[in-house]
2 protein chains.
Amino acid sequence: MKIGVFVVDDHYMVIEGIRSLLQNEKTLDWMGHATNAESCLSFLKLYEPDVILMDVNLPDKSGIDLCKEVKQLYPAIAVLGLSTFNQQAIIKNMMDNGALGYVLKNATKEELMEAIISVQKGKVYYSLEVLNSLRKPTPNQLLITRREKEVLLLIAEGLTNAEISEKLFISIPTVNTHRKSLLEKFEAKNTAMLISKATKLGSV
Amino acid sequence: MKIGVFVVDDHYMVIEGIRSLLQNEKTLDWMGHATNAESCLSFLKLYEPDVILMDVNLPDKSGIDLCKEVKQLYPAIAVLGLSTFNQQAIIKNMMDNGALGYVLKNATKEELMEAIISVQKGKVYYSLEVLNSLRKPTPNQLLITRREKEVLLLIAEGLTNAEISEKLFISIPTVNTHRKSLLEKFEAKNTAMLISKATKLGSV
DNA sequence: TAAAAAATCATCTTTTTTAATGATTACGTC
DNA sequence: GACGTAATCATTAAAAAAGATGATTTTTTA
């Protein structure tokens, strides 16, 4: 019984690369590809692959959202996250939304095969690099509260404390408190460093 | 006479994708690939391809810098920029540093072939999407000067004006001037927005 | 080489952020 | 129901950034 594989990625070269890597694998059945979330969902109405390789950055919606939808509609399909970035926040998000594994786009053929076979069996798979990055002592970035995240986003948009307080219906001192805990949690010296770190970690 | 093609990209899947797309083209000679700038330069010491497909994001240095170096050392080689992003700033930068063309990673085989043939003949090539984006009214982001970029980087690292002035051996008012022009050019209301925009545009 | 652009410095004012401390209320979990 | 965390608000002061204007010296580039 072959493993049906489907790929969703907005870059044709990447799709072609994966197809080329996997084309001689007799245990796999290349079911096709989609370059956006919509056509992926259309495909799934007609066919049910065993494994979907899913890029986290898609033109119409994020891979994270698509992953969630796919898992709700077709729980049997194993989703394997795929991206160029090695960022805890994104990976964690992807896994929380039903992905069974995560590989980077510089993965070798062997890694990719191992990942596909693993998730098809229902086993979790992370590529080596992803594992290493997840092993790093978790900085406090993951522990941002809901409110702090709201404030962070507004700061990044360029709002001042006064504007944020108005928008969130809280007092300026409160905004300041959140601001201070954000600086602490991100180990940032000031706003610039905060936004810089937060953006790179995918929190913004 | 075949066109010698070399690819520099840090993602194995992309390399494989390009190779697969081009493998049946009899007019091309696949000379190999590199996954970072260093090994690209090593390769060029031994062989001279006609065209290099060069990703703008490399692990060891930016494709923009690599492009500059390659053109200095081997002016005859045509460099074709390659990336997932369609951003004027990056494209312009790449072209200013000697690239003859620019295609996105979702290019089709036909586009890619046309691009390679064009730049090999010394003709400029932009993919359709790139052309469209270049036609848009240019925001001022492209015009960041060398000094402004230095200041921007230090701001993002969390340095204050005083610290920056010390580091760059300039006065605090001067740092302030650069800071203000950065805010203008990025159309940012404050530091937070500046760093946010700059990071997303790849300037940091 | 002349014009344009970049880089430099200055002064002064206002706004915003950061720091330091302390405290109350709400909420979910064990 | 106790406990910890999150969320809220307050006061005061110092540091930093932002805004407005003007001006000189290098560099680049047409």
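Given the structure is predicted, the values throughout are model-derived calculations rather than measurements. Numbered from 1 within each chain, the chains take letters A, B, ... in sequence-line order. Values below: every heavy atom of this structure, side chains too, minus hydrogens, waters and symmetry copies.
Inter-residue side-chain proximity for B:L168 and B:R147 is flagged as met; some heavy-atom pair is nearer than 4.5 Å. At least one side-chain heavy atom of B:N161 sits less than 4.5 Å from a side-chain heavy atom of B:V175. Using a 4.5 Å heavy-atom threshold, the side chains of A:I116 and A:D50 count as separate.
In this structure, of D:dA17, D:dA10, C:dA7, it is D:dA17 that holds the atom nearest to the side chain of B:T191. The side chain of A:I170 sits closest to D:dT8 out of C:dA19, D:dT8, D:dA7. Looking at the side chain of B:H178, the nearest of the listed nucleotides C:dA20, D:dA17, C:dT8 is C:dT8. Relative to the side chain of A:S171, the nucleotides D:dA7, D:dA10, D:dA20 differ in distance, and D:dA10 lies closest. Nearest nucleotide to the side chain of B:R179, out of D:dA18, C:dC9, D:dC9: D:dA18. With D:dA18, D:dA20, D:dA10 as the choices, the nucleotide that has an atom nearest any side-chain atom of B:K180 turns out to be D:dA20. Considering only the side chain of A:T174, D:dC9 comes nearest among C:dA7, D:dC9, D:dA18. In this structure, of D:dA7, C:dT8, D:dA18, it is D:dA18 that holds the atom nearest to the side chain of B:L183.
Sparse packing is recorded around NZ of B:K123, with 12 or fewer heavy atoms of other residues, nucleotides or ligands lying under 6.0 Å away.
Counting to the nearest Å, the C1' atom of C:dT17 and the CD1 atom of A:I195 are 13 Å from each other. If you take NZ of B:K185 and C1' of C:dA7, they are 11 Å apart, rounded to a whole angstrom. Whole-Å rounding puts the A:L194 CG to C:dT16 C1' distance at 15 Å. Note: NZ (A:K189) to P (C:dT17) measures 18 Å, nearest angstrom. The distance between atom CD of B:E184 and atom C1' of D:dT21, rounded to the nearest whole Å, is 13 Å. The interatomic distance linking A:E150 (CD) with D:dA6 (C1') rounds to 13 Å, in whole Å. Protein atom CD1 of A:I155 is 10 Å distant from nucleotide atom C1' of C:dT17, rounded to whole Å. Look at CG on B:N190: it is 13 Å from C1' on D:dA16, rounded to the nearest Å.
Across all strands shown, C:dT13 is found opposite D:dA18 as a Watson-Crick or G-U wobble partner, with both distances under 3.5 Å.
Backbone-only engagement by B:N161 is indicated by non-hydrogen atom pairs under 4.0 Å involving sugar-phosphate atoms exclusively. Counting non-hydrogen atoms under 4.0 angstrom, A:N176 reaches a base of the nucleic acid. Note on B:T160: only backbone sugar-phosphate atoms sit closer than 4.0 angstrom, heavy atoms only; bases stay farther off.
When the side-chain nitrogen and oxygen atoms of B:T177 are compared with OP1 and OP2 of C:dA7, none of them lie within a distance under 4.0 Å.
Checking side-chain atoms of B:K105 against main-chain N and O of A:V14 turns up no donor-acceptor pair under 3.5 Å.
A salt bridge does not link B:K109 with A:E16: none of the charged nitrogens is closer than 4.0 Å to a carboxylate oxygen.
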